[in-house]
Student: 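Sharing a structure here in structure tokens format.
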Number of protein chains: 2
Amino acid sequence: MTNSTRVSRIVSREVADCQTCHLRALCVPQGLPLKDIAELNGIAPPLAPLKKHDALFRQGMPFTSLFAVRSGSLKQVTTTYTNEHLVTGFFLPGDLVGLDAIAEECYPGSAVALETTTVCELPFERLNELSLRIPALRQRIYRDLSQEVHNERLMQRLLLNRTAEARLARFLLTMSASFRRRGYSPYRFQLAMTRGDIGNYLGLSLETVSRTLTRYQQHELVVIRGHDFHLCDMKALTRLSEACGRQGAAQQPS
Amino acid sequence: MTNSTRVSRIVSREVADCQTCHLRALCVPQGLPLKDIAELNGIAPPLAPLKKHDALFRQGMPFTSLFAVRSGSLKQVTTTYTNEHLVTGFFLPGDLVGLDAIAEECYPGSAVALETTTVCELPFERLNELSLRIPALRQRIYRDLSQEVHNERLMQRLLLNRTAEARLARFLLTMSASFRRRGYSPYRFQLAMTRGDIGNYLGLSLETVSRTLTRYQQHELVVIRGHDFHLCDMKALTRLSEACGRQGAAQQPS
DNA sequence: CGACCAATTGAAACTTTTCAAATTGTGTGG
DNA sequence: CCACACAATTTGAAAAGTTTCAATTGGTCG
């Protein structure tokens, strides 16, 4: 349909720096010894920048690499066999994109740039080989994968039993924490995705997202100007995100 | 409180080497054929049977092993820091319990038997050692973990945008598929968990679960007697589970 | 049998979606 | 650079779905 989402994956392998890229890429939750990181240098060339709406990879393409986000952001969209488009994740600088492809041999969703975005490619074959020689790397991959499993599990449940207010509060706080971990301000950040993307991700209609955000502003919890987010009252947001508005959760299940 | 949920985990560590068994043991999504469960006996000795409400492990205990379910069933319950109890998964014979603990060093939830249940213990250290020598095994672990990530991601989104009717239909079909994979009838099976457990898992109140199930019966899609489930009209259930009752999904997110 | 827990059912309150329309923002071509 | 078209956002009001509260039934176990 729209050719603006064509795949642009032209590799420009002339980049030497990338040391920082590796560090950030592979040290998201926890670091890898520096001497091991050095070994990775050869294998992660940054790709040509993606423009907004460009796909890093498309659902169904054979899995070859993980990608570490250097700058910008992406969303992952999975199209189900019933032809629904589900936003299954957002990726910020430092995130590894493609982890959920390892099992499939193919990417189970498309990664689409939300803005101008640059990534490093980490060919999985090479990672695999390296992981034999570098125990810490193997451990790291295990950890990241397992971490994902756990995060998804918990996030899912947390969202399911919650009101729009709580979901959105949690979303904002999660984003805030991401930025904090990366050394950016947790109080003020830009989110390139649309209200529709957020709603899709959280299981809410875009109208509900808009309304809820408006209500937050009226209560002076946040100030939002387009894609510019300003968290003013983290405490209140935290309280909201924890309020278990619906049952099914707090009870003793047996 | 109730001492019936005491931890029973007696390890017997005499391990004979059997690569195939380990490999098969790791075939989580597919489940483990019944005849192979016997084979596991040598390497991964079954623990003393758990009685209903017994915990296989408790949230926070140091992670040491994965467990393969031999018979019976369990639920995993995670208690959040806000003291909510979330049912994060159900495990049937052939399932691997504990995958999401690898990242944490500790089990991120408690595994509680829903009925009399037997499991085999798979010490993770051994798996880890073996994975060094057996590339296929390492691949298998990667794959299973990644599969989980993907499944969780998709399941989450699918549930989030759906009505109670669709969620429950999907739940039943998922269970049905599990039983089919294990060689049991996909049309008739027993689920030991309570309506409350199901509701908690799906993000619905137990009343809604009950009502929806009743409605299914009125339309003759199923026959349910307590924990005895009878799926009569799989097609209709499938149709229901696919109906995207709410927006946020079907739209082109950009 | 009685106590207790799970399941069912009803009715009111509440939340979210849906539909519709107005407004703002953005990028492109003249 | 402006104007236009198109996308994203906001807002309103009615409809739909879910939860909550409350009461009842059914089953199990000591």
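Quick note: numbers below take in every heavy atom, side chains included, and nothing from hydrogens, waters or symmetry partners. Letters A, B, ... are given to chains in the order of the sequence lines, protein chains preceding strands, and every chain is numbered from 1.
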Student: A:Lys51 NZ to C:dT28 P: how many Å, rounded?
Tutor: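 Answer to the nearest Å: 11 Å.
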Student: For A:Thr79, which residues count as a side chain to side chain contact (heavy atoms under 4.5 Å, CB included) partner, sequence neighbours excluded?
Tutor: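 With neighbours one apart ignored, the set is A:Gln59, A:Asn83, A:His85.
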Student: Rounded to the nearest Å, what distance is computed from the CG atom of residue B:Leu191 to the P atom of nucleotide C:dA6?
Tutor: 16 Å
Student: Checking A:Thr212 now: which residues fulfil side chain to side chain donor-acceptor pair (under 3.5 Å) with it, not counting sequence neighbours?
Tutor: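 In terms of side chain to side chain donor-acceptor pair (under 3.5 Å), with neighbours along the sequence ignored, A:Thr212 is linked to no residue.
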Student: Below the 4.0 Å mark, does C:dA6 have OP1 or OP2 next to a side-chain nitrogen or oxygen of B:Arg195?
Tutor: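 For B:Arg195, the contact criterion (side-chain N or O under 4.0 Å from OP1 or OP2 of C:dA6) is not met.
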Student: CZ of B:Arg167 versus P of D:dT19: gap in Å, rounded?
Tutor: 7 Å
Student: Check nucleotides 12-16 of chain C against the protein and report each pair of N or O atoms closer than 3.5 Å, with its distance, or say if there are none.
Tutor:
from: C:dT16; atom 1: OP1; to: A:Ala164; atom 2: N; distance (Å): 2.4

Student: Nearest to the side chain of A:Glu207 - D:dT9, C:dT18, C:dT9?
Tutor: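 Of all the options, the side chain of A:Glu207 is nearest to C:dT18.
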Student: Can you sort out the partners of A:Thr116 under side chain to side chain donor-acceptor pair (under 3.5 Å), two or more places apart, ordered by chain and number?
Tutor: none
Student: Please tell me whether A:Ser241 and A:Thr238 have a donor and an acceptor in their side chains that are separated by less than 3.5 angstrom.
Tutor: no
Student: Could you tell me, to 10°, how much the axis swings from one end of the helix from C:dC1-D:dG30 to C:dG30-D:dC1 to the other, five pairs per end?
Tutor: 40°
Student: Kindly indicate whether the side chain of B:Arg211 and the base of D:dG17 share any N or O donor-acceptor pair separated by less than 3.5 Å?
Tutor: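 Side chain to base: no pair below 3.5 Å.
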Student: Partners of A:Thr118 by side chain to side chain contact (heavy atoms under 4.5 Å, CB included), sequence neighbours excluded?
Tutor: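 With neighbours one apart ignored, the set is A:Pro49, A:Arg70, A:Ser71.
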Student: According to side chain to side chain contact (heavy atoms under 4.5 Å, CB included), who are the partners of A:His230, at least two apart in sequence or on a separate chain?
Tutor: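 Scan of A:His230 (side chain to side chain contact (heavy atoms under 4.5 Å, CB included), adjacent residues dropped) gives A:Arg188, A:Val223.
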Student: Starting from P on D:dG17, measure out to CG on B:Leu159 and report it in whole angstrom.
Tutor: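 B:Leu159 atom CG is separated from D:dG17 atom P by 18 Å.
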Student: Kindly write out the residues that satisfy side chain to side chain contact (heavy atoms under 4.5 Å, CB included) with B:Ala236, not counting sequence neighbours, or none if the list is empty.
Tutor: B:Leu221, B:Asp233, B:Arg239
Student: Between C:dT8 atom P and B:Leu213 atom CG, what is the distance in whole Å?
Tutor: 7 Å
Student: What's the CG-P distance between A:Asp197 and D:dT9, to the nearest Å?
Tutor: 8 Å
Student: Round to a whole Å and report the spacing from NE2 of A:His53 to C1' of D:dA8.
Tutor: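 Going from NE2 in A:His53 over to C1' in D:dA8 covers 11 Å.
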Student: What pairs with B:Arg215 under salt bridge (charged side-chain N to carboxylate O under 4.0 Å, His left out), at least two apart in sequence or on another chain?
Tutor: B:Glu165
Student: For C:dG25, does OP1 or OP2 lie under 4.0 Å from any side-chain N or O of A:His227?
Tutor: no
Student: Are the aromatic rings of B:Tyr201 and B:Phe90 close, with centres under 6.0 Å apart?
Tutor: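 That pair passes the under 6.0 Å test.
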Student: Output the rounded distance in Å from CG (B:Asn161) to C1' (D:dG17).
Tutor: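 Result: 15 Å.
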Student: Is B:Ser210 close enough to C:dA6 that one of its side-chain N or O atoms is under 4.0 Å from OP1 or OP2 there?
Tutor: no
